[in-house]
Number of protein chains: 2
Amino acid sequence: MFTIGKASEQSGVNIETIRYYEREGIVPRPGRSAGGHRLYSPDEIAKLRFVRRCRDLGFPISIIQTFLSLTEQDDRSCGEVKVLAENHLDEINAKIEILTRLREALLSLSSNCDDGIAACPMLDTLMKDGFAENRAE
Amino acid sequence: MFTIGKASEQSGVNIETIRYYEREGIVPRPGRSAGGHRLYSPDEIAKLRFVRRCRDLGFPISIIQTFLSLTEQDDRSCGEVKVLAENHLDEINAKIEILTRLREALLSLSSNCDDGIAACPMLDTLMKDGFAENRAE
DNA sequence: CTAGTTCCTGTAGTGGCTACAGGAGCAAGC
DNA sequence: GCTTGCTCCTGTAGCCACTACAGGAACTAG
């Protein structure tokens, strides 16, 4: 059994975040020492690490909760996981696309920006009325 | 002079967001009608539109405030804008890179995921101990 | 036994909005 | 002038996923 500090080290999840996950019911409450300190089993630490890895992959907590409940079942229905992962991939691709368009927009806006010029053409363009929108969204 | 609804339409900024910007001191307080309703001049609406466009480009509010104070000056020091825009570009590029690596990781994880399989290899891998980290951060 | 570290709870803050509730103002039609 | 229905007002709370305290209790090494 490990204290929260060790669990944090081993899982890579910040101590405050571990307590937050517990408060929110994302991970189960661990046992306690006589003095009230949390004590984590290796399995509970594995669960924390799992949550962190999913967060690193960009999954929102709500999806991770679904994953966790799926790992509880004997049948870890792979189909459901696949669908969630693919939706997430679509979102990642959409974000990449938006950011790429953003980069282009910013590059063309700032390209006229030259040190020493008084009235900045970038700010001017953004302030002007008739600027085509090309909203990234 | 325009009501907040018209200002919202013309600037593309949500009404609640306009009031939020005012509360936070991001845009100046507009005049009021006899009954206390906000009244916006075309200039004030242009400022709101400017903020939205900068937000669309992904700039944080803090940077936009700098931009706004620069546009107040006669000399819209272009050099400063250029630096901020370039830093922002670097951040966008970093985000694109992270997301691209995320996509690769997710693709390879979910590639073994096949409908009908009981124990999902993706969840298994994420739960396992010795999974190489490759943290995207 | 003491000093230092880690742990506890509870609350508040982050960014950038968004969503109410409960009431007041205002414009158009009769 | 009055009603109807829309828009507007303030104030507060919620969203996401944490993070950062404060003030105190429990452990651990020497």
Side-chain angles (χ1 to χ4, degrees), chain A residues 1-27 29-40 44-45 48-68 88 91 95 98 102 135-137, chain B residues 1-27 29-40 44-45 48-68 88 91 95 98 102 135-137:
Chain A
M1 291 301 216
F2 304 89
T3 62
I4 196 168
K6 304 290 171 197
S8 169
E9 255 175 58
Q10 285 182 48
S11 65
V13 181
N14 187 305
I15 290 177
E16 310 263 24
T17 306
I18 293 177
R19 288 198 275 251
Y20 164 75
Y21 287 164
E22 183 186 327
R23 269 201 308 284
E24 298 297 305
I26 295 152
V27 296
R29 290 158 191 261
R32 298 279 181 140
S33 75
H37 287 197
R38 289 171 180 80
L39 291 175
Y40 292 86
E44 287 168 328
I45 292 172
L48 287 168
R49 206 173 38 225
F50 174 83
V51 174
R52 186 186 57 69
R53 284 172 181 165
C54 290
R55 290 291 302 132
D56 285 351
L57 288 169
F59 283 104
I61 293 291
S62 55
I63 299 292
I64 299 174
Q65 280 177 305
T66 307
F67 284 164
L68 279 171
H88 187 50
E91 279 168 33
K95 274 187 196 166
I98 286 171
L102 234 65
R135 288 197 60 183
E137 194 195 335
Chain B
M1 289 305 214
F2 304 88
T3 62
I4 197 169
K6 304 289 172 198
S8 169
E9 255 174 59
Q10 286 182 47
S11 65
V13 181
N14 187 305
I15 291 177
E16 311 264 22
T17 307
I18 293 177
R19 288 199 276 250
Y20 164 75
Y21 286 164
E22 184 186 327
R23 267 201 309 283
E24 298 298 304
I26 295 152
V27 296
R29 289 158 192 261
R32 299 279 183 141
S33 74
H37 286 198
R38 288 170 182 80
L39 290 175
Y40 293 86
E44 287 168 328
I45 292 172
L48 287 168
R49 207 172 37 225
F50 175 82
V51 174
R52 185 185 58 69
R53 284 172 181 164
C54 290
R55 290 293 299 132
D56 285 350
L57 288 169
F59 283 104
I61 293 291
S62 55
I63 299 293
I64 299 174
Q65 280 177 306
T66 307
F67 284 164
L68 279 171
H88 186 50
E91 279 167 32
K95 274 188 195 166
I98 286 171
L102 234 65
R135 288 198 59 184
E137 191 197 338

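Lettering of chains follows the sequences in order, A, B, ..., and the numbering in each one begins at 1. Heavy atoms only: backbone and side chains are in, while hydrogens, waters and symmetry mates are out.
- Boundaries of the chain A contact region on DNA chain C are dC7(C) to dT9(C), first to last in 5' to 3' order (nucleotide atom under 4.0 Å from a heavy atom).
- Here the CG-OG distance, from L39(B) to S33(B), works out to 5.5 Å after rounding to the nearest 0.5 Å.
- The list of side chain to side chain donor-acceptor pair (under 3.5 Å) pairs with a residue in residues 57-67 of chain A, not counting sequence neighbours, is empty.
- Taking F2(A) as the reference, nothing meets the ring-ring contact (aromatic ring centres under 6.0 Å, His included) condition, with sequence neighbours excluded.
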Listing time: all N or O pairs from protein to nucleotides 24-27 of chain D that are below 3.5 Å?
unit_1: dC27(D); atom_1: OP1; unit_2: G35(A); atom_2: N; d: 2.8

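- Closest heavy-atom contact between L48(A) and V13(A): O-CG2, 3.5 Å.
- Atom CD1 in I45(A) sits 10.0 Å away from atom CD in E9(A) (nearest 0.5 Å).
- Partners of Y40(A) according to the ring-ring contact (aromatic ring centres under 6.0 Å, His included) rule, which considers only residues two or more places apart in sequence or in another chain, do not exist here.
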Under 4.0 Å protein heavy-atom contact, by nucleotide of nucleotides 14-19 of chain D - B base, S sugar-phosphate only:
---BBB
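- No more than 12 heavy-atom neighbours from other residues, nucleotides or ligands sit within 6.0 angstrom of CZ on R29(B).
- For H37(A), the ring-ring contact (aromatic ring centres under 6.0 Å, His included) criterion is met by no residue, not counting sequence neighbours.
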Please tabulate, for side-chain N and O atoms in residues 17-27 of chain B, each donor-acceptor pair with protein atoms closer than 3.5 Å (sequence neighbours left out).
unit_1: E22(B); atom_1: OE1; unit_2: R38(B); atom_2: NE; d: 2.6

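- Nearest heavy-atom pair across G5(B) and I15(B) is CA-CD1, 4.0 Å.
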